[in-house]
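Structure record follows, encoded as structure tokens.
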Amino acid sequence: MNLKNDLLLRAARGETIERTPVWLMRQAGRILPQYRALRKKVKDFKGLIANPELACEVTLQPVKELGVDAAIIFSDILVIPEEMGLPYNMIDSVGPRFQKTVKNVGDIKSLHVCDGDELDYVYEAISLVKEDLNNKIPLIGFSGAPWTLFAYMVEGGGSKTFSKAKKFLFTESESAHKLLDMISDSVIAYLQGQIDAGVDIVQIFDSWAGVLSPEAYNNYSLPYLQKICNAIDGVPIIVFAKDAHYVLEDMKEVKCDVVGLDWTMPISESRKRLGKKKTLQGNLDPCILYSDAADIKLATEVMLKEFGSQKHIANLGHGVYPDTPLDGVKCFIDTVKQYKFE
Ligand code: CP3
């Protein structure tokens, strides 16, 4: 299988690229009028991700509208907790709410490791997208990181501090490790299922890395990222641990190809901490995209120059915010695609 545009994969593997590839976390979603129109026609978000034809359509919307260098399969990180035995509702303007949460060892006993087969609807959507893409650009698969999924399972939804989830880590350490290990095994099966269905690269989102201390991260997140990265075979892996610049040196030891960065640390410092080997992804502050075109262009060019012409995948430092003007998004993407390194 030869992709017509394999810039993202070459950049991930550290091979020579003639320009920096670009895609956006959360590119499939509310920034697009096409998405908002389709979303009105279905009962809820979960109905959308569980329907392979519609998930395929939404995955392809940003490819057509924005000209990005990769598609990301339309789904959510919360499908894993759900399949492990904790169903959730996605409430408009509120976010996810779990009907049950993990409070003690007994609750963990009632959960199970998924073997990945339960998520057939995601694999079916992947097959449909691959067929439609016709080898034009790569397709990204994804999962939440064990710590981030654990945080939702204990907390039952979003939180400013994740203090319930952290309390569980610090007061029920053994049980916490047991659950983190069960999540890791589920994630491995799920990512392998996505790879078997055809994704070309995978990203692991550790969205709540930033609420942990370096010690806690080393104890409760990193070993499980290691376990997953050691088990995954066949495609490059991107790890995005948001707000965890304190862990960049340790990330060197994780068997991933790409490390995603948020905007909270100078690019040169991140590179210094991580070393020269891995590709970096990121890291424009998504709020820059609310600015006018000239400012977006300037900030994007400054970012590109800082990262350099190789071993970089352009992206934002977090998912694009739903109310971002489409013109701002397009300006960012077009600036990356047109930029010429001296
Ligand atoms: O384009 C893409 O990136 C692919 C689709 C995707 C979604 N969620 C769709 C979605 C991806 C990769 C995710 C990952 C995800 N989901 C993360 C990690 C990335 C991050 O933002 O840190 C997290 C933490 C979640 C959990 C989640 N899903 C929350 C907290 C929410 C509610 C907040 C929100 O953004 O609305 C969701 C809902 C969600 N996931 C939407 C979309 C398009 C909005 C649903 C809608 O249409 O109303």
Side-chain angles (χ1 to χ4, degrees), residues 22-51 54-66 68-82 86 88-98 122 125-126 129 139-153 155-160 162 165 187 190-191 194 199 201-211 238-244 260-263 281-283 286 315-324 329 333:
V22 58
W23 69 283
L24 265 68
M25 292 183 274
R26 298 289 195 113
Q27 64 189 19
R30 288 161 298 181
I31 53 164
L32 296 175
Q34 299 90 315
Y35 174 81
R36 297 196 295 268
L38 187 73
R39 181 74 167 68
K40 271 196 204 138
K41 291 194 214 147
V42 292
K43 195 174 126 256
D44 56 13
F45 171 73
K46 289 181 75 181
L48 205 51
I49 59 172
N51 179 321
L54 294 181
C56 169
E57 188 179 336
V58 174
T59 302
L60 295 172
Q61 284 172 347
V63 177
K64 292 175 194 141
E65 182 72 36
L66 307 172
V68 280
D69 292 309
I72 177 163
I73 190 66
F74 188 74
S75 185
D76 201 87
I77 62 168
L78 302 177
V79 298
I80 286 284
E82 177 158 75
L86 291 182
Y88 69 96
N89 299 317
M90 191 63 80
I91 303 165
D92 287 344
S93 324
V94 176
R97 283 289 172 275
F98 283 82
V122 180
I126 290 169
V129 172
L139 175 62
I140 305 168
F142 72 91
S143 165
W147 154 246
T148 288
L149 297 179
F150 174 100
Y152 279 112
M153 291 165 87
E155 209 77 37
S159 161
K160 275 212 176 90
F162 284 95
V187 167
Y190 180 44
L191 287 177
Q194 293 184 47
V199 299
I201 180 167
V202 293
Q203 172 154 327
I204 303 169
F205 286 90
D206 210 354
S207 301
W208 303 118
V211 300
I238 308 168
V239 172
F240 174 55
K242 178 150 191 306
D243 292 325
L261 301 176
D262 59 75
W263 57 89
Q281 174 174 282
N283 74 339
N315 206 314
L316 303 176
H318 195 201
V320 60
Y321 299 134
D323 63 343
T324 310
V329 174
I333 290 165

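We count ligands from 1, going down the list as the structure has it; atoms in each ligand are counted the same way.
Applying the 4.0 Å criterion to heavy atoms of M90 picks out, from ligand 1, the atoms 28 (N), 31 (C), 32 (C), 37 (C), 38 (C). Remark: ligand 1 atoms within the under-4.0 Å shell around heavy atoms of Y152 are 24 (C), 30 (C). With ligand atoms numbered from 1 in the order given, ligand 1 contributes 4 (C) to contacts under 4.0 Å with heavy atoms of I73. Ligand 1 places these atoms under 4.0 Å from at least one heavy atom of R39: 46 (C), 47 (O), 48 (O). In the vicinity of F142, heavy-atom distances shorter than 4.0 Å reach the ligand 1 atoms 11 (C), 12 (C). Using a 4.0 Å cut-off to heavy atoms of F205, the atoms of ligand 1 that qualify are 12 (C), 18 (C), 19 (C). Less than 4.0 angstrom separates some heavy atom of G95 from each of these atoms of ligand 1: 32 (C).
The residue from R26, M25, K242, R30 that puts a heavy atom closest to atom 15 (C) of ligand 1 is R26. In this structure, of V68, I77, I72, the residue bringing a heavy atom nearest to atom 25 (C) of ligand 1 is I77. Of the candidates S75, A209, P96, G141, the one placing a heavy atom closest to atom 6 (C) of ligand 1 is S75.
Within a 4.0 Å radius of atom 33 (C) of ligand 1, the protein has no heavy atom.
Taking the six-membered ring for Trp and thresholds of 30 and 60 degrees, F162 and Y152 have ring planes more than 60 degrees apart, a perpendicular arrangement.
With sequence neighbours excluded, the residues satisfying side-chain hydrogen bond (donor to acceptor under 3.5 Å, both in side chains) with R39 are D92. D262 pairs by the side-chain hydrogen bond (donor to acceptor under 3.5 Å, both in side chains) definition with T264, not counting sequence neighbours.
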>> For I77 and L149: C-alpha separation, side-chain torsions, deciding distance, then whether side chain to side chain contact (heavy atoms under 4.5 Å, CB included) applies.
In response: CA-CA 8 Å; I77 62 168; L149 297 179; 4.0 Å; yes

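Under the 6.0 Å cut-off for aromatic ring centres, Y35 and F74 qualify, their centroids lying closer than that.
The main-chain N or O of L78 is found under 3.5 Å from a side-chain atom of D76 such that the two form a donor-acceptor pair. When atom types are taken as modelled, the side chain of Q194 and the backbone of V199 share no donor-acceptor pair closer than 3.5 angstrom. Although no hydrogens or angles enter the test, the distance criterion places a donor-acceptor pair under 3.5 Å between the side chain of W147 and the main chain of W208. S143 contributes no side-chain N or O that, together with a main-chain N or O of L191, makes up a donor-acceptor pair within less than 3.5 Å. In this structure a side-chain-to-backbone donor-acceptor pair under 3.5 Å is present from D44 to G47.
The protein non-hydrogen atom at the shortest distance from atom 1 (O) of ligand 1 is A28 N, 2.8 Å. Residue, atom and distance of the protein heavy atom nearest to atom 45 (C) of ligand 1 are F45 CD1, 3.4 Å. Residue, atom and distance of the protein heavy atom nearest to atom 8 (N) of ligand 1 are D76 OD1, 3.1 Å. Distance from atom 20 (C) of ligand 1 to its nearest protein heavy atom, with residue and atom name: H318 NE2, 3.3 Å.
Ligand 1 has no nitrogen or oxygen under 3.5 angstrom from a nitrogen or oxygen of L78. Residue-to-ligand polar distances keep W208 apart from ligand 1: every N/O pair is separated by 3.5 Å or more. Polar contact with ligand 1: present for Y35 (N/O pair, distance under 3.5 Å).
Scanning all heavy atoms of the two residues, the minimum distance from I73 to L139 falls at N-CD1, 3.8 Å. Here the closest non-hydrogen pair linking I238 and Q281 is CD1-OE1, 3.6 Å.
Residue S207 places a heavy atom less than 4.0 Å from ligand 1.
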